[in-house]
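Below is one structure, written out as structure tokens; comments come after it.
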Amino acid sequence: SACVDAGSDRVLSGARDGALRLWCLSTGECLMVVSAHATCVSGLCADFAQMVAVSASWDGSLRVWRLDTGERMQIIDAGGQILGLAAILRE
């Protein structure tokens with residue numbers, strides 16, 4: 001799963017190992033790795049302006065993160081596997 005910031009050169013990716021990675025597109029450098037979930041990250045949504053992201057996983061949780069520090073802000077138990085995540089962002 002991945003989320004791209006159209007206003008900058010940042011991409012947030014989620015992997016099968018449960019990790020989130022923040023990348024710089026212009027250099028290809030991995031800026032941060034967060035051990036986010038016990039299993040596969042199945043969805044991501046990020047507000048790069050506010051430096052906040054939400055990740056979803058097959059482990060049945062949604063987690064809210066600070067993109068500037070990697071700090072986990074909240075865990076939400078969805079009660080079962082989460083297969084995807086969609087978001088509508090307002091200006």
Side-chain angles (χ1 to χ4, degrees):
S1 191
C3 184
V4 179
D5 181 14
S8 76
D9 65 347
R10 300 291 187 260
V11 174
L12 182 65
S13 67
R16 282 192 293 177
D17 64 1
L20 301 181
R21 289 176 177 83
L22 184 63
W23 301 90
C24 177
L25 283 176
S26 59
T27 66
E29 178 185 3
C30 181
L31 304 172
M32 179 173 48
V33 180
V34 177
S35 296
H37 293 274
T39 60
C40 182
V41 176
S42 57
L44 286 173
C45 178
D47 182 336
F48 289 92
Q50 297 297 318
M51 296 304 287
V52 176
V54 176
S55 60
S57 173
W58 292 355
D59 67 11
S61 70
L62 295 165
R63 298 181 186 212
V64 182
W65 303 93
R66 294 271 330 146
L67 290 174
D68 52 350
T69 64
E71 173 192 3
R72 185 181 66 219
M73 299 168 56
Q74 186 175 7
I75 299 175
I76 301 165
D77 182 2
Q81 250 186 7
I82 302 170
L83 302 179
L85 183 64
I88 299 172
L89 300 177
R90 289 185 259 167
E91 295 284 329

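Quick note: residue numbers are just sequence positions, from 1.
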> Nearest heavy-atom pair of Leu12 and Leu20: which atoms, and what distance?
Replying inline: CD1-CB, 4.3 Å
Distance-only criterion, 3.5 Å: show the donor-acceptor pairs between side-chain atoms of residues 24-33 and protein atoms not counting sequence neighbours.
| unit_1 | atom_1 | unit_2 | atom_2 | d |
| --- | --- | --- | --- | --- |
| Ser26 | OG | Asp9 | OD2 | 2.7 |
| Thr27 | OG1 | Glu29 | N | 3.1 |

>> Hydrophobic cluster membership, with links at side-chain heavy-atom distances under 4.5 Å among I/L/V/M/F/W/Y: are Val64 and Val34 in one?
In response: no
> Does a side-chain heavy-atom distance below 4.5 Å link Phe48 with Leu22?
Replying inline: yes
> Sub-3.5 Å donor-acceptor pair from the side chain of Ser57 to the main-chain atoms of Cys40, do we have one?
Replying inline: yes
>> Which heavy atom of Gly43 sits nearest to which heavy atom of Ser1, and what is that distance?
In response: CA-OG, 3.4 Å
>> Are Val11 and Met51 connected into the same hydrophobic cluster when the rule is that any two of I, L, V, M, F, W, Y join if their side-chain heavy atoms are below 4.5 Å apart?
In response: no
> Taking only residues two or more places apart in sequence, or in another chain, which ones meet Trp23 in a side-chain hydrogen bond (donor to acceptor under 3.5 Å, both in side chains)?
Replying inline: Ser13
>> Assigning hydrophobic clusters by single linkage (Ile, Leu, Val, Met, Phe, Trp, Tyr; side-chain heavy-atom cutoff under 4.5 Å), is Leu67 placed with Val41?
In response: yes
> Got a sec, which residues hit side-chain hydrogen bond (donor to acceptor under 3.5 Å, both in side chains) with Ser61, two or more places apart in sequence or on another chain?
Replying inline: His37, Asp59, Arg63
>> Ser8: which residues meet the side-chain hydrogen bond (donor to acceptor under 3.5 Å, both in side chains) condition with it, sequence neighbours left out?
In response: Asp5
>> For Ser55 versus Trp65, what's the shortest heavy-atom pair and its separation?
In response: OG-NE1, 2.9 Å
> Which pair of heavy atoms, one from Gln50 and one from Asp47, lies closest together, and at what distance?
Replying inline: N-OD1, 3.1 Å
> Taking only residues two or more places apart in sequence or in another chain, which ones pass side chain to side chain contact (heavy atoms under 4.5 Å, CB included) with Ala78?
Replying inline: Ile82
> Looking only at heavy atoms, which two atoms of Leu44 and Gly14 are closest? And how far apart?
Replying inline: CD1-N, 3.4 Å
>> Under the side-chain hydrogen bond (donor to acceptor under 3.5 Å, both in side chains) definition, can you give me all pairs with a residue in residues 68-83, not counting sequence neighbours?
In response: Arg66-Asp68
